[in-house]
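For reference, the structure is listed below as structure tokens.
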Amino acid sequence: MAGKRILYPALLLGGFSTLATVLLVAGNLVTRDAIQERQREDLLVSLRQVVPESHYSNDLLADPLQLPGPDGTPITIYRGIHDGQVTALAYPISSQGYAGEIRLILGLDATGKILGVRVLTHAETPGLGDGIEVAKSDWILDFNGLSLGDPPQEKWKVKKDGGRFDAFSGATITPRAVVKAIENGLVFYRQQKTRLLEAPLSKGLPVVRVEGALHE
Amino acid sequence: MTVKSPRSAPYTHARTSIGRTMGLVMLALLPATLFGFYQFGWPAVFLFASTLLAAVLAEALSLRLAGKPPRPFLLDGSALLTGWLLALTLPPWAPWWIGVVGSLLAIIVGKQMFGGIGQNLFNPAMVARVALLISSPLEMTLFTAPAPLFSAQAPGLVESLTITFGNPVGFDAVSSATTLGHFKTELGRGVTLDQAAAGTASLWQLIGGEAAGSLGETSALLILLGGLFLLYKRIITWHIPLAMLGTLALLASLFHLLDPDHYVGPLTHLLSGAAILGAFFIATDLVTSPVSLRGQLLFGAGCGLLVYVTRTWAGYPEGVAFAVMLMNACTPLIDHYLKPRIYGRDRKGEPLSYTEQAEKGGNA
Amino acid sequence: MDKAKKFKLFSIRGGVHPEDRKRLSAEQEIEPLPMPPLLHIPLQQHIGAPAEPLVRRGEMVKKGALLARSQGAISAPVHAPTSGRIMGIGGYPAHHASGLSVRTITLKPDGRDEWIDSLDPVAEPFNLAPEEIARRVAEAGIVGMGGATFPSAVKLNLRQRYRLHTLVINGAECEPYLTCDDRLMREQPGQVLDGVRLMARGLGVERVLFAIEDNKPAAQQVMRAAARVYPAVTVVGLPTRYPMGSEKHLVQTLTGRETPARGLTAELGIVVHNVATALAVYEALRHGRPLISRVMTVSGGAIRTPRNLRVPLGTPLSHLIDYCGGFTREPSRLISGGPMMGQPLPSTRVPVVKGSNGLLALTDEEVQGGREMPCIRCASCVQACPCGLVPLEMEAHIRAGSLDSSVRLGLLDCIACGSCAYVCPSHIPLVHCFNYAKGELAARQRAQHKQGETKRLAEARSARMEAAKQAKRAAMLKRKQAQEAKKAPPAEAAPAETTPAENAQAEANP
Amino acid sequence: MSSDYRRIVKDGIWDNNIVFAQTLALCPLLAVTGTASNGLGMGLASTAVMVASGLLISLLRNLITPQVRIPVFVLIIAVLVTLTDMFLNAWLHDLHKVLGLFIPLIVTNCAILGRAESFASRNHALPALLDGLMMGLGFTLALVILGASRELLGSGTLFANAALLLGSWARFLELVLIPDYKGFLLIILPPGGFIVLGCLLAGKRLIDRAVAARRRRALEAIDTPAGEAAR
Amino acid sequence: MISAILIITAMGIIMGGILGVAATYLAVEGNPLQAEIEGLLPGSQCGQCGYLGCAPAAAAIADGEAPVTLCPPGGKALVEQLAEKLGVSVDLSEVVEQEPRVAFVHENLCVGCTKCLKRCPTDAILGGPKQIHAVFIDACTGCEKCYEVCPTECIEMRPIEATLQTWYWPEPARAA
Amino acid sequence: MEYFLIILSSALVNNVVLVKFLGLCPLMGVSNKLDSALGMGLATTFVLTLAAFAGWLLEHFVLTPLDLGYLRILTFILVIAVVVQFTELAIRKTSPALYQVLGIFLPLITTNCAVLGVALLNSQQENSLLESLLFGFGSALGFTLVLVMFTGLRERLALANVPAAYSGAPIACVVAGLLSLAFMGFAGLTTI
Ligand SMILES: Cc1cc2nc3c(=O)[nH]c(=O)nc-3n(C[C@H](O)[C@H](O)[C@H](O)COP(=O)(O)O)c2cc1C
Ligand SMILES: Cc1cc2nc3c(=O)[nH]c(=O)nc-3n(C[C@H](O)[C@H](O)[C@H](O)COP(=O)(O)O)c2cc1C
Ligand SMILES: Cc1cc2nc3c(=O)[nH]c(=O)nc-3n(C[C@H](O)[C@H](O)[C@H](O)COP(=O)(O)O)c2cc1C
Ligand SMILES: Cc1cc2nc3c(=O)[nH]c(=O)nc-3n(C[C@H](O)[C@H](O)[C@H](O)CO)c2cc1C
Ligand code: SF4
Ligand code: SF4
Ligand code: SF4
Ligand code: SF4
Ligand code: FES
């Protein structure tokens with residue numbers, strides 16, 4: 001009697017688990033490739049914002065490079081190639097803003113000049129610190145065309161700290177953080193220049209495991 | 001002569017009323033407020049007036065909606081006082097709508113949604129202040145250095161009208177961080193205290209009210225005098241102010257001694273920001289603080305602790321409003337667990353028993 | 001060397017300082033009130049069971065004659081305040097806020113004011129045994145004159161259950177306006193002291209503390225002078241603070257010890273009696289006179305000439321008012337007792353009773369009424385409460401209807417002193433609320449008791465019905481069996497099936 | 001029978017609304033209602049899951065023993081939600097980008113399990129399906145109203161980004177009602193969500209009361225003879 | 001793939017088994033609450049709640065089917081106790097308490113039919129055939145059963161009159 | 001220190017209820033009496049911590065090794081449901097009074113989003129075992145804290161004279177809003 005009272009629920013739950021798993025496994029099989037393809041597209045969209053298509057002719061995702069980043073953790077670098085030469089670079093950078101980490105993606109040309117910067121995620125105060133989004137203001141576009149020598153490194157600061165960049169009124173911390181992040185990104189370029197610009201030897205597999213949140 | 005619906009004793013009464021209580025608090029605030037007007041000029045007066053007017057109108061409107069008699073409730077002065085305290089915590093040159101929106105929030109969301117005077121769980125003025133800080137951080141963190149009335153740098157009447165009611169131009173030029181705000185941003189950059197202190201007001205300036213800040217932050221001295229007046233008049237008891245300022249000073253001293261480079265000293269903590277105003281006028285709000293004296297000590301200590309924590313480690317330069325609201329939320333718990341001991345009973349509520357403890361004390 | 005200077009006092013929590021307004025009547029000597037044309041003597045002037053009348057309509061009685069005897073352990077007899085004819089025994093408005101009527105003997109004075117012959121004065125009362133003192137106090141109809149009207153003899157007999165060591169005489173008179181105890185002490189210190197010592201003897205205690213508030217320096221001085229020759233009696237000056245006169249707080253002030261909740265001061269070995277009670281004991285023992293009159297303060301802003309009067313019990317209040325020159329204006333409140341704990345009176349027709357120590361006619365300014373506003377949680381009431389209660393919370397729970405939680409908050413420990421309501425800036429009738437709740441709880445308890453009784457009755461009845469039904473069924477079964485025994489085929493299931501239906505029938509139509 | 005269905009409809013949408021009457025499903029409600037569009041998307045996705053789960057559970061109800069009832073129910077719901085997530089991600093990717101973060105939240109929407117327990121497991125398939133649909137629509141209604149209120153008060157727009165969610169045809173929905181409005185951040189942030197929800201709950205109560213009062217008056221008007229009413 | 005299916009099936013079986021065991025060995029029989037609630041109810045079996053007596057009423061309350069406000073004779077005091085026991089909150093100020101009433105027999109109308117006497121659940125009516133009946137107030141619960149059956153309508157339900165002992169201060173009005 | 005920060009952050013700064021919007025229904029439903037609030041808090045703490053633990057086990061021994069991320073929700077919720085049901089049975093057996101008070105909310109702990117939410121966040125943040133446990137425990141602590149505070153506030157509201165339209169759930173929502181406003185003061189507490 002007791003045995004049946006225990007066995008039945010066990011088998012029932014077991015049966016349903018099987019069924020559920022089978023369904024999900026099947027669903028996964030059906031959708032897996034489509035989902036990977038979508039994620040690739042997403043990544044490409046954000047990369048194209050910081051490296052204009054005119055700068056390369058390859059598949060940006062085709063040949064990523066993994067290097068220890070400015071803070072030691074490995075970062076993935078996507079490279080644009082034209083005529084066998086590395087012509088463009090894009091990699092994520094980050095720093096601590098007013099209310100948490102601000103993550104950006106930085107695009108450079110082979111000489112280290114900024115092609116574009118975009119914010120990927122941030123938690124800054126809406127209406128105060130969110131001017132760093134292109135959707136809210138053009139502030140972030142001012143970095144286009146600059147590099148570590150232009151302006152000189154000691155000028156890579158907000159005006160309040162004696163640098164050359166504007167801040168939003170009442171919110172200095174956010175721009176300060178962004179400037180810092182970009183400066184670090186440029187320093188990283190200077191340090192790793194040779195390795196970054198080494199032409200790829202072989203075509204690797206596309207890296208698709210990127211955070212869904214890469215896209216705003 | 002017959003008694004229709006008998007009402008039991010007492011048939012005499014102390015000369016107290018809500019109106020008198022609120023009136024005395026306003027009286028206590030008056031010197032500091034007037035001095036603030038002098039320091040910050042016409043814009044401060046305009047902002048103050050709009051805030052109070054909006055508070056009273058909001059109260060009248062809510063009373064009407066609730067179907068309550070407006071006269072006794074308007075005359076009790078609590079709406080006026082709420083508006084007043086709110087105005088004292090705003091940047092003096094803030095635009096008029098800050099005061100008006102604040103008053104609406106305070107009176108409608110902070111007070112009347114709960115059923116009006118005495119029913120609210122959170123300090124209405126602080127509800128408004130925090131809500132404003134979060135919604136309009138820009139306006140709420142732009143402070144100006146004092147520009148005493150009739151002095152050269154003071155704005156004229158017309159200019160003042162634009163500051164409060166219009167679209168001020170070139171306003172940023174005069175903006176100046178509060179002492180706490182300055183320390184917060186500078187320490188946040190990794191600057192040591194010594195270097196950061198260079199740009200701030202001296203302690204004497206803080207006492208005398210020559211630093212940037214809201215009306216209620218300047219002139220620690222006058223606020224303190226007002227607070228002592230309230231103590232003297234027995235509107236408040238010493239428990240909350242002392243516990244709050246004591247805890248704040250204690251923590252500040254401790255950390256300052258441990259690491260003088262990164263932790264601001266106790267005197268700066270006490271004299272800057274809304275510490276004194278908060279301790280005497282805001283944390284002591286009767287409605288939202290505990291009723292037992294032990295409860296008030298705990299409440300005050302909690303406020304002090306939270307003020308210190310917020311100021312020192314959290315994102316905001318000033319923490320009085322948050323601290324008060326958080327402790328307001330704990331007030332029912334404090335009231336529930338910390339009751340006075342009932343006569344003839346022990347703390348657990350059991351009747352006292354003299355069987356074991358023989359003839360202790362007394363003239364027996 | 002003043003004894004009082006050395007006496008160490010202890011502080012109590014809470015309390016208030018109401019304006020005492022005793023100057024209105026403090027310098028008025030006690031005057032005897034002329035006999036009114038009719039006296040209405042209620043049979044219940046004390047806590048406990050009402051007295052049982054012994055006289056009939058038309059009967060002539062003499063002053064001091066027993067009109068009604070006490071019934072049960074906690075009760076008190078009633079005596080004739082003067083000689084005259086019994087006009088009737090019936091309902092008459094009580095000296096009570098409700099305005100309900102109470103059984104009352106109406107006596108028409110004959111003007112001769114003749115004492116009964118059987119007065120039994122004791123020449124040497126200090127030789128009486130304590131039991132005898134208590135018996136005589138009981139026979140004299142003496143009840144606590146401090147307001148509680150608890151039969152004094154019962155308190156004198158506490159010695160049988162507790163180890164008593166101190167008698168405290170309550171001369172605090174902390175209520176505003178009232179000056180009758182003050183005048184008694186100043187005018188009859190010898191008699192009062194004699195009564196006090198008799199009570200001490202009755203209680204078998206070795207020490208007497210005679211406590212008088214500091215706002216009555218004359219009384220303190222007079223009593224000290226009188227007590228100097230008795231080492232056992234110490235006159236103690238009390239700080240002036242309401243409710244210093246509450247016996248538990250008085251005892252705490254004097255000894256530093258709190259009376260256990262819901263307990264008696266006797267548990268600390270102390271019994272408290274009022275000054276006027278002492279005087280009544282003196283009268284009863286030295287002169288054999290029962291309690292038939294008392295001293296009252298008639299005062300208040302609406303009384304033309306406030307006075308202290310010795311009033312025969314049963315005198316209609318209107319008579320007192322007329323004697324004091326009537327009202328200067330329509331009073332806003334007419335009160336029996338002090339303004340802090342007194343009762344509102346339904347009319348001036350009601351009679352003076354043993355517990356009346358004051359009649360106040362107050363004006364609007366004195367009452368200081370105000371519009372009731374919501375509680376602002378100012379905690380004034382918490383700080384004022386001498387019992388460590390949180391009046392605002394008890395009030396809120398009562399208004400929300402949860403009386404049980406107000407009891408958990410200490411409602412039953414409230415002594416109804418009125419300090420909380422006195423200080424409340426929102427003019428909330430806190431004490432009224434507590435009184436209502438206490439009454440409602442008592443009513444619920446009565447209902448619960450009744451419910452228990454009726455539940456028992458209902459169970460007994462259903463048991464009876466069940467038994468009857470069983471009997472009937474058994475009888476029916478027997479009959480059926482008898483029938484079936486006659487018939488041949490027995491059907492087992494049939495009777496079992498029919499019974500429920502029959503039961504239902506029996507239920508519906510027993 | 002049809003009156004039963006009418007009851008189900010009325011209960012789901014208004015009388016026993018998941019949010020306004022039962023105060024359930026508050027987490028997804030508050031989390032996604034920064035804008036009306038988000039609310040709409042979440043509401044539709046939840047409705048789909050509610051309908052499917054109601055139907056399935058009602059069909060399987062006789063199989064399931066009480067001991068494992070809840071685990072089986074959540075299993076079913078989890079499968080439905082995960083499948084929805086996968087399919088949206090693969091084939092309606094733009095929609096998924098907007099709703100993606102919220103979809104796992106559907107699993108823990110306690111109203112779904114609540115309905116499964118209290119309705120689907122005790123009723124036939126058709127009523128269960130209808131109940132799921134109506135409760136879902138009621139939830140959607142609540143989400144859209146709350147989202148719209150917060151969006152309007154907080155940023156002065158209505159149905160911003162609706163095109164992202166529904167396709168470009170929905171662009172006409174996107175309104176900027178208060179141009180140059182600086183925004184009232186409080187409303188968008190968590191505290192504002194709670195406060196606006198509180199006001200909406202109070203509003204529903206006022207409406208109900210007004211309706212009841214009108215019905216009462218109408219009944220009284222019928223009861224009183226015409227002549228009297230005129231006087 | 002297969003491993004996933006196997007693992008999760010195994011998980012399901014094990015957990016289902018655990019629950020089966022738990023449900024078998026942690027089973028609770030009966031509801032102790034019901035007895036407690038029945039103890040609180042007046043026990044006069046009057047049926048004013050719409051149930052057949054106090055026991056079914058208690059069962060209904062324990063199952064959450066009946067509100068705690070169901071019993072009119074119990075009044076606010078009962079509501080408060082029940083709410084406390086069940087941990088629910090009720091607005092007591094909205095519970096209307098009926099004034100306690102007791103039966104009163106008009107002597108001039110009573111014909112001594114004994115109908116009321118037989119119906120009274122607490123034996124509160126005294127009398128016999130062809131005698132004038134009287135109500136023993138202390139035992140009358142005011143259930144109105146006698147009132148319903150009296151053929152001559154001689155029974156009146158009267159409020160209990162206050163005396164000095166039972167009078168108390170009226171309930172204060174709710175503040176504005 | 002780091003572990004202390006995890007607890008502080010999950011309990012105060014990123015409070016599950018007020019900031020992350022998880023577990024709101026029990027907050028609105030249970031919180032009438034302090035005793036039941038404490039009971040609910042403790043039950044949730046138990047389940048939440050256990051779920052965080054079970055989630056970590058699943059993540060590390062099943063989901064990651066076999067690359068079965070898409071089964072995460074399914075397995076987590078299954079385990080949670082079973083744990084909750086087991087707890088329910090146990091409470092019912094051991095403490096009928098508590099069972100009565102928690103009423104329908106015990107089974108609903110299953111769908112208390114906080115439980116699943118915390119487990120999911122744990123795997124999203126790739127927390128270690130200890131971190132997962134602390135995060136779960138801290139979140140539960142935050143939940144209990146808010147539940148208890150909120151209950152205290154509601155006990156007072158029950159006695160207050162709230163306008164009819166607002167009494168009950170509406171004013172409770174407003175109070176939750178103001179409480180969440182107050183908790184915003186903790187913002188940034190752990191970033192510096
Ligand atoms: C509610 C609030 C939100 C804030 N958000 C930000 C922000 O997102 N970014 C920022 O840089 N500063 C932010 N701040 C910080 C203050 O504005 C701070 O005073 C300012 O960053 C200091 O810079 P200033 O030198 O421009 O005054 C915020 C402050 C408050 C009170
Ligand atoms: C045996 C005995 C029992 C008493 N019981 C009570 C009692 O139950 N309630 C009461 O109020 N007073 C009772 N008293 C009287 C108290 O001693 C005291 O006089 C009375 O409480 C009035 O004091 P108060 O005016 O300070 O309230 C009792 C006295 C005695 C001797
Ligand atoms: C608040 C309060 C104040 C009291 N004030 C006095 C007082 O001033 N004088 C007094 O004799 N009794 C006062 N009593 C009554 C005493 O508690 C006590 O009943 C009385 O002194 C006992 O003496 P008796 O039995 O002789 O009346 C007061 C009681 C209370 C509760
Ligand atoms: C000593 C004292 C302090 C007060 N402080 C405040 C305050 O900080 N904020 C406020 O809105 N009202 C304050 N009030 C006014 C009043 O208590 C407030 O309007 C009520 O909270 C409204 O119910 C204060 C009143 C007193 C007597
Ligand atoms: S009446 Fe009761 S509650 Fe009020 S102060 Fe006196 S003892 Fe305290
Ligand atoms: S004194 Fe009055 S207003 Fe003050 S807390 Fe007490 S009841 Fe409330
Ligand atoms: S109404 Fe009350 S007393 Fe009467 S049967 Fe029902 S539960 Fe029992
Ligand atoms: S109302 Fe009638 S039947 Fe009911 S208890 Fe009273 S006398 Fe008996
Ligand atoms: S939806 Fe989160 S607990 Fe109900």
Side-chain angles (χ1 to χ4, degrees), chain E residues 1-37 40 58-65 67-68 79-95 172-176, chain F residues 29-37 39-40 54 57-58 61-63 65-72 74-105 151 154-155 157-162 164 167-168 172:
Chain E
M1 217 108 306
I2 302 297
S3 57
I5 297 176
L6 287 181
I7 287 176
I8 292 176
T9 307
M11 259 173 64
I13 292 177
I14 293 171
M15 290 191 292
I18 293 177
L19 286 185
V21 171
T24 312
Y25 294 104
L26 292 179
V28 188
E29 56 294 315
N31 193 344
L33 204 65
Q34 185 183 332
E36 284 180 48
I37 291 176
L40 293 177
I61 297 174
D63 293 347
E65 283 165 14
V68 291
V79 175
E80 202 184 337
Q81 285 170 330
L82 287 178
E84 174 88 359
K85 175 124 280 154
L86 297 175
V88 296
S89 59
V90 271
D91 187 356
L92 285 160
S93 52
E94 274 168 22
V95 177
R174 200 104 166 79
Chain F
V30 182
S31 47
N32 277 326
K33 288 248 159 8
L34 271 177
D35 297 338
S36 45
M40 182 75 185
L57 287 183
L58 278 175
F61 293 110
V62 181
L63 301 177
L66 300 176
D67 196 19
L68 294 175
Y70 57 94
L71 289 179
R72 187 172 293 120
L74 182 83
T75 49
F76 279 19
I77 193 88
L78 183 63
V79 171
I80 291 170
V82 172
V83 169
V84 171
Q85 186 142 7
F86 190 82
T87 316
E88 182 191 346
L89 287 169
I91 291 188
R92 190 174 182 164
K93 179 80 182 176
T94 52
S95 167
L98 188 59
Y99 181 76
Q100 191 68 37
V101 168
L102 300 188
I104 61 160
F105 286 97
T151 307
R154 284 189 77 171
E155 276 194 4
L157 277 180
L159 298 176
N161 221 340
V162 180
S167 69

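These numbers come from a predicted model, not from an experiment. Note that these values count all heavy atoms, side chains included, but never hydrogens, waters or copies made by symmetry. The chains referred to below are lettered A, B, ... by the order of the sequence lines, with proteins before strands, and numbering in each begins at 1.
- Counting heavy atoms from C-beta on, the side chains of E:Ile7 and F:Phe61 never come closer than 4.5 Å.
- The minimum heavy-atom distance between E:Val68 and E:Leu82, with the atom names listed, is O-CD1, 3.6 Å.
- Distance check: E:Ile2 CD1 to E:Thr9 OG1 gives 10.0 Å after rounding to the nearest 0.5 Å.
- In the displayed structure, F:Tyr70 atom OH is contacted under 6.0 Å by more than 12 heavy atoms of other residues, nucleotides or ligands.
- Within residues 10-18 of chain E, the residues approaching chain F closer than 4.5 Å by heavy atoms are, in numerical order, E:Met11, E:Met15, E:Ile18.
- Counting all heavy atoms, side chain and backbone alike, F:Ile77 lies closest to F:Leu74 at CG2-O, 3.3 Å.
- If you measure heavy-atom distances from F:Val79 to chain E, the contacts under 4.5 Å come from both the backbone and the side chain.
- Here OG1 of F:Thr75 is found 5.0 Å from CG of F:Leu58. Values are rounded to the nearest 0.5 Å.
- Scored by the side-chain hydrogen bond (donor to acceptor under 3.5 Å, both in side chains) test, E:Gln81 finds no partners at all (sequence neighbours excluded).
- Both the backbone and the side chain of F:Val82 come within contact range of chain E, with heavy atoms under 4.5 Å apart.
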